[in-house]
Amino acid sequence: MEYLLGIDVGTVRTKAILYDHQLQAKQTFRQTYTLYRDATGMAEQEPTEVLAAVEKVINDAYAEVQRNHCDLLAVAFSSENQSLILLDENFQPLTRVLTWADTRARQVASRIKRNLVAKELYMDTGTPIHPMSPFTKLLWLKEDQPELLKKTAYVADIKSYLFKHFFDEFKVDISVASCSGMWNINTRTWDEQALAMTDIAAVQLPEIVDSTQQAHGLTAAGQMALQIPADTPFVYGAFGGAASNIGMGAVDESTAAIAIGTSAAVRVMTDHPVIDPQQRLFCYALDEEHWVIGGPLNNGGDVYQWAVKHLVDANAVASEQVDAFQLANQVIEGVPAGSHGLIFHPFLGGERAPIWDANARGSFFGLNQLHTRADMLRAVMEGITMNVGSVFEIVRDLVGDPKQIMASGGFTDSLVWRQMLADVIGFPVGVAMAHGGCCLGAAAIALKSLGRISDYSEVTPLLAQSETYIPDDLAAYTYQKYQPLFNQVEELLTPAYAAIAQLQEK
């Protein structure tokens, strides 16, 4: 039997899944690492910890391949979006990995957004101005740590850092490059205006290659660290969102992908770039022929976890002898849609789409003396879902109505949340049963790289049948009234976010 290894290098863990040539999952491997955070908005990884995790999952997976007397066809990667590492002339890290979650560039982002150059940059790169992007982080470093930037010989992301270590080649796939805010979607090269603003030269950035590009011939260090054959092809792959779409079968405009995990996202794949005149969505590449249009949201399951921790009665959990999340779902199911007139904006961690404001903060609207903790719990779940619904509406406006919606992520563990998503967006929702998401997408890219498939649509028949949820008419009608109010209150509160964020920092 022949195996493929799909690897997803994430924010707090690296996950790898072994698949057979029919993309059926065989075994999963995980390694976690620390996301270093503080009150300034720092959110960093230690590069050596990420490298060690990647090496460990590869070795563990190959040990399983050997136990089964099989062959490893290829290793392929999905990686977190918008990571940044500064390197010296020997390609050694000068910094830790600044992740997408790092918001220390928020003041720089706010200043740029007030300038006409913001729209020019967005139109050229498809990346909204936000502290998440490497472009904005480089501008912040230019102001905050100019001496560090002067010492910088190369600017990498986590994937180009890994491939440099394993193969001594400084390259990045077009998919990850397109998410940087420094890649021009029209010229398909590093953007001249972004380079000029950051004082970074194109020669300091990785060479851009296709997502199906293979690397061969492990370095001496790579051969020492990895127990796989040295000529095993490593496929560059894509950023996590694009890989996830492939893994869900959402490979053209007919299918929208909605993911709600720790964070959330709405994405549609098209055959051409689509730019939002109001700068609410991103436009990234998978490759030269496929583009991913959508919006990432900071606040998903992590906000629900916060609500369960603070709103679920610990005594009730003990007396009922059930899991707190199970009890929360039971409570939420007993509250009618609309939470008795209570709306929650879930911006506990700032927000990306649709408002792109790192200063955004959460709030309850409509709270009165009759509301209970049960109402508040449901309002939190509804707020997360209506925020997703806001982005879904924008995607529909720009790309058109999808024929189907596929959903994935940790939220699918909750049956009430599955149904709520269908009710809020007013469309049937299929829950993706395929195993792996980003890892599965990376493995599919490997199949294309190896010539085993010619188009990603060939992956869809291999995926497990989804379970579909149909909108409840009464609940859907209720949310049709609440969604515009959710959006209106969000718009009214936006001007005050910077002020309250500043007060909270003191």
> Given the rule in the side-chain contact (heavy atoms from CB on, under 4.5 Å) test, do His21 and Leu4 qualify, once you have shown the distances and angles that lead to the verdict?
Replying inline: CA-CA 7 Å; His21 67 286; Leu4 299 159; 5.6 Å; no
>> How about CE on Met123, more than 12 heavy atoms from neighbouring residues, nucleotides or ligands closer than 6.0 Å, or not?
In response: no
>> The test is side-chain contact (heavy atoms from CB on, under 4.5 Å); show your working for Tyr284 and Ser175 and say whether it passes.
In response: CA-CA 7 Å; Tyr284 300 150; Ser175 183; over 6 Å; no
> Once the angle between the rings of Tyr154 and Phe91 is folded into 0 to 90°, is it parallel (under 30°), tilted (30 to 60°) or perpendicular (over 60°)?
Replying inline: parallel
> What's the shortest heavy-atom distance between Ala444 and Ile453, and which atoms?
Replying inline: O-CD1, 3.7 Å
>> For a quick test of reading the model, state the closest non-hydrogen atom pair linking Ala407 to Val429 and the distance between them.
In response: CB-CG1, 3.6 Å
> Out of curiosity, Lys56 NZ to Leu226 CG, how far, rounded to the nearest 0.5 Å?
Replying inline: 12.5 Å
>> Could you check whether any side-chain N or O of Asn59 sits under 3.5 Å from a backbone N or O of Gln227, counting only pairs where one atom can act as donor and the other as acceptor?
In response: yes
> Is there a donor-acceptor contact under 3.5 Å from the side chain of Gln45 to the main chain of Val12?
Replying inline: no
> Taking it one step at a time, do Glu55 and His165 satisfy side-chain contact (heavy atoms from CB on, under 4.5 Å)?
Replying inline: CA-CA 11 Å; Glu55 292 172 344; His165 176 81; 3.6 Å; yes
>> What I'd like to find out is whether the side chain of Thr127 reaches to under 4.5 Å of the side chain of Phe282, using heavy atoms alone.
In response: no
> If you look at every heavy atom in Met269 and Ala250, which pair is closest and at what distance?
Replying inline: CB-O, 3.8 Å
>> I need the minimum non-hydrogen distance between Ala153 and Asp88, along with the two atoms involved.
In response: CB-C, 3.5 Å
> Do Asp102 and Thr99 have side-chain N/O donor and acceptor atoms under 3.5 Å apart?
Replying inline: no
>> Out of the candidates Val395, Asn245, Thr255, Ile258, only one should pair with Arg267 under the side-chain contact (heavy atoms from CB on, under 4.5 Å) rule; please name it.
In response: Asn245
> Does any non-hydrogen side-chain atom of Val399 lie less than 4.5 Å from one of Thr270?
Replying inline: yes
> Checking Lys448 against Tyr456: charged group under 6.0 Å from the ring centre and within 45 degrees of the axis?
Replying inline: yes
>> Is the shortest side-chain heavy-atom distance between Phe167 and Gln214 below 4.5 Å?
In response: no
> Do Asp8 and Thr14 come close enough that some side-chain heavy atom pair is under 4.5 Å?
Replying inline: no
> Could you walk me through whether His290 and Asp287 pass the side-chain contact (heavy atoms from CB on, under 4.5 Å) check?
Replying inline: CA-CA 5 Å; His290 299 87; Asp287 52 32; 2.9 Å; yes
>> Keeping Tyr122 on the side-chain end and Asp276 on the backbone end, is there a donor-acceptor pair under 3.5 Å?
In response: yes
>> Among Glu80, Met132, Gln82, exactly one meets side-chain contact (heavy atoms from CB on, under 4.5 Å) together with Cys179. Which residue is that?
In response: Gln82
> Do side-chain atoms of Thr212 reach the backbone of Ser449 as a donor and acceptor pair under 3.5 angstrom?
Replying inline: no
> Going from CD1 on Ile355 to NE2 on His345, what distance comes out if it is rounded to the nearest 0.5 angstrom?
Replying inline: 8.5 Å
> Leu84 and side-chain contact (heavy atoms from CB on, under 4.5 Å): which partner among Asp157, Ile158, Thr136, Leu141?
Replying inline: Leu141
> Is there a donor-acceptor pair closer than 3.5 Å between any side-chain N or O of Gln204 and the backbone N or O of Thr152?
Replying inline: yes
> Is there a side-chain hydrogen bond (donor to acceptor under 3.5 Å, both in side chains) between Asp173 and Gln213 once you walk through the steps?
Replying inline: CA-CA 8 Å; Asp173 58 87; Gln213 176 86 10; over 6 Å; no
>> Could you measure the distance from the CD atom of Glu143 to the CG atom of Leu139? Nearest 0.5 Å is fine.
In response: 7.5 Å
> Salt-bridged, Glu393 to Arg280, with N to O below 4.0 Å?
Replying inline: no
>> Ignoring hydrogens, what is the shortest heavy-atom contact between Leu286 and Ala238? Give both atom names and the distance.
In response: CD1-CB, 3.7 Å
> Do Glu458 side-chain atoms and Asp455 backbone N/O form a donor-acceptor pair below 3.5 Å?
Replying inline: yes
> Looking at Tyr304 versus Phe411, is the centre-to-centre ring distance below 6.0 Å?
Replying inline: no
> Mind checking whether Gln145 and Thr95 have side chains closer than 4.5 Å, heavy atoms only?
Replying inline: no
> Heavy-atom count around Gln223 CD within 6.0 Å, excluding the residue itself: above 12?
Replying inline: yes
> Quick one: are Asp199 and Leu149 in side-chain contact, heavy atoms under 4.5 Å?
Replying inline: no
> Side chains of Trp417 and Met381: does their closest heavy-atom pair fall under 4.5 Å?
Replying inline: yes
>> Would you say that Lys26 contacts Tyr3 through its side chain, given a criterion of any heavy-atom pair below 4.5 Å between the two side chains?
In response: yes
>> Tell me if the CD atom of Gln193 is crowded by more than 12 foreign heavy atoms within 6.0 Å.
In response: yes
> Parallel, tilted or perpendicular: which describes the rings of Phe163 and Tyr236, with under 30° parallel and over 60° perpendicular?
Replying inline: parallel
> To the nearest 0.5 Å, how far apart are CE in Met182 and OG in Ser133?
Replying inline: 9.0 Å
>> Working to the nearest 0.5 angstrom, can you tell me the gap between Leu493 CG and Phe347 CZ?
In response: 9.0 Å
>> Can a donor-acceptor pair be found, under 3.5 Å and without considering hydrogens, that links the side chain of Trp190 to the backbone of Pro206?
In response: yes
>> Between Tyr36 and Glu49, is the side-chain hydrogen bond (donor to acceptor under 3.5 Å, both in side chains) condition met? List the steps.
In response: CA-CA 12 Å; Tyr36 297 92; Glu49 293 179 8; 2.6 Å; yes
> Can you name the nearest heavy-atom pair linking Trp100 to Arg352, along with the distance?
Replying inline: CZ3-NH2, 3.5 Å
> Counting N and O atoms only, with roles assigned by atom type, does the side chain of Thr219 sit under 3.5 Å from a partner on the main chain of Asp168, one being a donor and the other an acceptor?
Replying inline: no
> Is the shortest side-chain N to carboxylate O distance from Arg106 to Asp357 below 4.0 Å?
Replying inline: no
> Between Asn299 (side chain) and Leu348 (backbone), is there a donor-acceptor pair under 3.5 Å?
Replying inline: yes
>> Just verifying a value: how many Å separate Leu94 CG and Glu89 CD, rounded to the nearest 0.5 Å?
In response: 8.0 Å
> Do Tyr19 side-chain atoms and Leu440 backbone N/O form a donor-acceptor pair below 3.5 Å?
Replying inline: yes
>> Pair Asp60, Gln31 - check side-chain hydrogen bond (donor to acceptor under 3.5 Å, both in side chains), show working.
In response: CA-CA 10 Å; Asp60 287 350; Gln31 286 293 311; 4.5 Å; no
